[in-house]
Every structure is written in C-alpha cells, then in structure tokens.
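Numbered from 1 within each chain, the chains take letters A, B, ... in sequence-line order.
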Protein chains: 2
Amino acid sequence: MCPWGNFAACAFCKSLSVLCYRRIVHIPPGLRERKKAATRRALAEAALELAMTHGMANVTAEAIADAVDVSPRTFHNYFSSKEEAIVSLVGDSAAQLIRGFRQRPAEEPVWVALENATVEVAAKSGAGNDPKTVQQLIFIRENVPVLAHELAMMKETVDELARIVAERTGTDPHSDLYPNLQAAAAMLGTRSAVDIWLADPARTDLVQLIRQAFEQMRTGLPQPASQNGTDEDVHP
Amino acid sequence: MCPWGNFAACAFCKSLSVLCYRRIVHIPPGLRERKKAATRRALAEAALELAMTHGMANVTAEAIADAVDVSPRTFHNYFSSKEEAIVSLVGDSAAQLIRGFRQRPAEEPVWVALENATVEVAAKSGAGNDPKTVQQLIFIRENVPVLAHELAMMKETVDELARIVAERTGTDPHSDLYPNLQAAAAMLGTRSAVDIWLADPARTDLVQLIRQAFEQMRTGLPQPASQNGTDEDVHP
DNA sequence: CGCAAAGTTGCCCCATGGGCACATTGCAAG
DNA sequence: CTTGCAATGTGCCCATGGGGCAACTTTGCG
C-alpha cells in the first residue's frame, strides 16, 4: 500500500505527513485517522514555524507540543526529533515525485520521464513563488542538522527512484551503475536548480532551471563553462 | 590556512581529523598539537570500533571516552555526538579529494580533473580491498543517523568543489548551474560507483567503476540500459 | 624559571528520547 | 445499545546527550 512498497515497514513513509500519505494511498478517512493526521501535520508545521521565528536552538519539543495542545510525550510518539518533524513536511514533495515517476507512460525514455515527473512536482509546489515556501526551503538549507535529515530522506528517495528505473529497464540496481546514476543525476540536477533558483526566486524560473539541468545532464556535461548555450539572463 | 578557506570558521574542517588537517596544512607539530590530534583520532576510531562491534545504540559517549582514557566531558569537547566522531574519519577522504582537485594542472578540463582527483583518492584509500575499510563503509551506509551526518559533510564537499570549479572557469556558483552540476555529478558518480563496488568488493574494481561513472556522465546519460557499452562482467 | 595560552576535567543543568502502564476513544461485533 | 478490542494520548521515570562554567594541568615561549 505504500507508494513504493509497504507503508508500515518503510522508514521514509513513517516520516511523511500522514495527510499526504493518505492522499496517496486513498484510505477512507475515519475519525481516528483524521485526528492523527491533523495532529501530525499540526506538530510538523508548528515545529517549522517556531524554528523559523525563534531559531532552531531556542525551540524545545515541549514548546512545539504546547503550541498544538498536546503532551510533550505525544510529540515524541510522532517524531523522534524537531528535525524529523520539520523534514517530514518536505517529504511530501518526494512522495509526489516518486508517485509521478511511477505513473509516467512506459514509452517515455527514463530520463524524460524523470524530468517530466520532476517538473510536475516543481510546478505545483515551488514555482508559484510563494514567499513562505521560499523562506522554508532556505531555512532548511541553512540549518545543518535539519539539512542532514533532509539529505538522508533524499537519499532514500534516490534509492527508490533507482529501483523504479531498474524495473523499467530490466537492470539490476545492485550491480549496474545505470539505475543509480539516472536517479541520482535527476535528484541532484533538481537540487542544483533549486539552489540557483533560491538565490533569486523573483528573477529566475524554477521550471526552466530544472529543464536546463536535465538537458545538460542528458547531453553530457559541457566542458567549458561558456560553452553551455543555455542563457545569460542572470548576469549579462 | 584551511584547505579551502579558513580553518577556524569552517564547520567541515572542525569535523575533520586534526591529523589529516595538519597533514594538509603543514603545521609544525608541537607536542600540544600532536597530543590533540592523537586524542581526536583515537576517539574517532574508538567510536567507530565500538559502534561496529556493539551496535550504534549500545555505545555511549562515556564508553568511547573510557576506551581512550579520557573524561566524557573531553569527548564532547572534540565531538558533539557519536555520529560526528565516526564521520570525521571519512572526512579525510573528502579533504584529500578537495586538495587533489585544487592541485590538478590548469590545462586539464574540469571534468577530467575531477575524475583524476577522485581516482587518486580512491586508489589510495579504497581500492586496496582492505576488508576493514569495506566493513566501515558498509556500516556507515547502514546507520541512518551516521549516514545523515556523512551526507551533510558530502554536501559541504560538493559546495567546495563547486567553488573551485567556478574559480577555474570564471563562472558564478550562485547564479550558474554549471559549477554545481559538475561538482555534484562527480560526487554522485563516485558514490554510485562505491555503492556498486560495495555490493561485491572482491569481484569488482572500484577505480574501473568510477571511471565508468565519469565516462557515462561525460558523454550524457545513456537512454536505454543495454546501450551503455561498458561491460557485462558482473552478470553475463 | 615563570608566565600566558591552551587543553582537560568535574560539576551542574536542561533537553532529548524512549520504555512502561494506564486512561481514553473510535470502532465493530453481538 | 452495549460491550470488548485495538489503537492513541498521556504521565511518570530514567539514562543519555550536549554544553556552560570554573578550577586545575600542561605546553610553549620569552
């Protein structure tokens, strides 16, 4: 039932917002599930909110729990740390990416499918230039402990993408470079694009940057810098 | 004095083994420095040793400190956590890579320089098929908290590599995709290669795998799996 | 030799993280 | 409608993490 395997045993899934999880797996929402999902999401959002306003070091699990009217012990039932709570919010995008990639038509070459799936997610969540989203992305990048958690989650995402690539192409992810390279290159291209975008979200276009990154990876990394005939829109 | 900036302000440097750091920066070793370096390294190695034998969860900072005949408080003066101590050992390779890349002749194209620097490090540290090294790499990959720390360090390494690429090519790492893509692709190719190698260290050649990964990245990611005319040595 | 700088340690405090038992609550079977 | 079950929320408790402080020790240098 898990978007990429079984939910219960998947550490990645556990760290996802349950709301997102249910949206993916289509569980009929009982009262119980709804409350749990609400609590989880509320905790995660409160964690991010508090961390962004007061700084990571000045936020305790207790404060987060209080903000949601829940016992500190309950917070630790959902998340094992502040970092995990915050990163769980970002996990939504990763799950969307995986699901989107799974659903790409089989005729599409792997690399194109990866690009389209990525662009789809980016268009929904980031390209709207929502200032709050931008702030959050920057905040996560600037906080090493949070970043570490996010990178770990990203690695799991890459592993899963590689598994799907391997299924699609009949290769073995444990002995062939191919699936890992494809998946990791896609993720890393995306990340580079987001990094550049975040430096100036108002004047650059995230989707365009992502497509550029995928294009450069597809055709091979250009040797000299000035040779990549992409653009000079940023600094003419 | 830091291999890529100033040592004191660099979180990455701080997490490095001081022994390695000094080797890079060529500080004349006073008794003080030597003792500190020895303690740091001893702590890191004890941490890894204990964690590998007893499992991550069953090792306390106190146990590590005892193993080195040092107070627990001192352990926390060097490292803020078990994970950090363990990862600091791996940081040596990262520092070597950065230093090696810096010293590559300017005539070499960026991608070639990255490949050669990477192969150089790999040839020294991993390709010897030292079973202990292999065990350590696997252990780190299997322990999520440690892995998270390692990935964070890896990201810092990529950032630094990107800065060097930018210097070499006169591009701006904040607004151009190019430096980030190059650096990240190199790191990721290496990582994929190591992953494949670790699945069967005896029957595969790490350096060869790395060169294959770089080759695939350079020529552009091959669309169909069977099209990458590299080899079929693993599963004929 | 003696002083300043740097490192080590003990002490203390608070936050973390998780095991346990008990209360509570949705849910389903009767 | 009731009653038992299973899953959650909660309080209690404790070992560990992680770091500020101040005393003490060692090292390097004049």
Side-chain angles (χ1 to χ4, degrees), chain A residues 7-8 11 14-15 18 21-22 27-43 46-47 50-51 54-88 143-146 148-149, chain B residues 7-8 11 14-15 18-19 21-22 27-43 47 50-51 54-88 143-146 148-149:
Chain A
F7 175 75
K14 279 189 189 168
S15 70
V18 171
Y21 158 64
R22 188 147 37 63
I27 290 185
L31 209 188
R32 202 171 233 162
E33 315 284 337
R34 240 179 307 147
K35 279 181 73 173
K36 212 176 141 179
T39 306
R40 187 186 181 84
R41 172 162 288 261
L43 283 171
L50 288 172
H54 300 111
M56 204 62 191
N58 303 320
V59 177
T60 66
E62 191 181 352
I64 301 172
D66 282 351
V68 190
D69 268 321
V70 136
S71 87
R73 187 64 188 80
T74 300
F75 174 81
H76 280 299
N77 282 342
Y78 282 94
F79 304 106
S80 61
S81 66
K82 292 176 287 184
E83 292 79 19
E84 193 179 313
I86 292 175
V87 169
S88 80
N143 274 276
V144 182
V146 186
H149 271 75
Chain B
F7 174 75
K14 280 190 188 167
S15 70
V18 171
L19 256 189
Y21 158 64
R22 190 147 37 64
I27 290 184
L31 210 187
R32 202 170 233 161
E33 316 285 336
R34 239 181 307 148
K35 278 184 76 173
K36 216 177 139 179
T39 306
R40 186 184 182 84
R41 172 161 287 263
L43 283 172
L50 288 173
H54 299 113
M56 204 62 191
N58 304 320
V59 176
T60 66
E62 191 181 351
I64 301 171
D66 282 352
V68 190
D69 268 320
V70 137
S71 85
R73 186 66 189 79
T74 299
F75 174 80
H76 280 297
N77 282 343
Y78 283 94
F79 304 105
S80 60
S81 65
K82 292 175 285 185
E83 291 81 16
E84 193 180 313
I86 293 176
V87 170
S88 81
N143 273 275
V144 183
V146 186
H149 271 75

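- Residue Lys36(B) places no side-chain N or O under 4.0 Å from the OP1 or OP2 atom of dA6(C).
- Relative to the side chain of Val70(A), the nucleotides dT16(D), dT8(C), dT10(D) differ in distance, and dT10(D) lies closest.
- The phosphate of dG9(D) (OP1 or OP2) has a side-chain N or O of Tyr78(A) nearer than 4.0 angstrom.
- Here dA15(C) presents its C1' atom at 18 Å from NE2 of His54(A), a figure rounded to the nearest Å.
- Taking atom CD of Glu83(A) as the reference point, atom P of dG17(D) lies 16 Å away to the nearest angstrom.
- Scanning both residues, Tyr78(B) and Lys36(B), for their nearest heavy atoms gives OH-CG, 3.1 Å.
- Spacing between atom CE of Met56(A) and atom P of dG18(D) amounts to 14 Å, rounded to whole angstrom units.
- Taking 3.5 Å as the limit, the base of dG20(D) and the side chain of Arg73(B) contain a donor-acceptor pair of atoms between them.
- His76(B) places no side-chain N or O within 3.5 Å of a backbone atom of Pro72(B) that could act as its donor or acceptor partner.
- Rounded to the nearest 0.5 angstrom, Asp66(B) CG and Thr60(B) OG1 are separated by 7.5 Å.
- Rounded to whole angstrom, the span from the CG atom of Asn58(A) across to the C1' atom of dG19(D) amounts to 14 Å.
- Nearest-nucleotide positions on DNA chain D place Pro72(A) closer to the 5' end than the other of Pro72(A) and His76(B).
- Here Lys82(A) reaches the OP1 or OP2 of dT16(C): one of its side-chain N or O atoms lies under 4.0 Å away.
- Taking atom CG of residue Leu43(A) and atom P of nucleotide dT16(C), one finds them 14 Å apart after rounding to whole Å.
- Rounded to a whole Å, the CG atom of Asp69(B) is 17 Å from the C1' atom of dT25(D).
- Side-chain nitrogen and oxygen atoms of Ser71(B) include none within less than 4.0 Å of the OP1 or OP2 phosphate oxygen of dT8(C).
- Between Asn77(B) atom CG and dT25(D) atom P the separation is 17 Å, expressed in whole Å.
- The line from CG of Leu43(B) to CZ of Phe79(B) is 6.0 Å long, rounded to the nearest 0.5 Å.
- For the pair Phe75(A) CZ and dA15(C) P, the interatomic distance rounds to 14 Å; values are reported in whole Å.
- With rounding to the nearest 0.5 Å, the separation of OG in Ser71(B) from CD in Glu62(B) is 10.0 Å.
- Of the side-chain N and O atoms in Ser81(B), none sit less than 4.0 angstrom from OP1 or OP2 of dG17(D).
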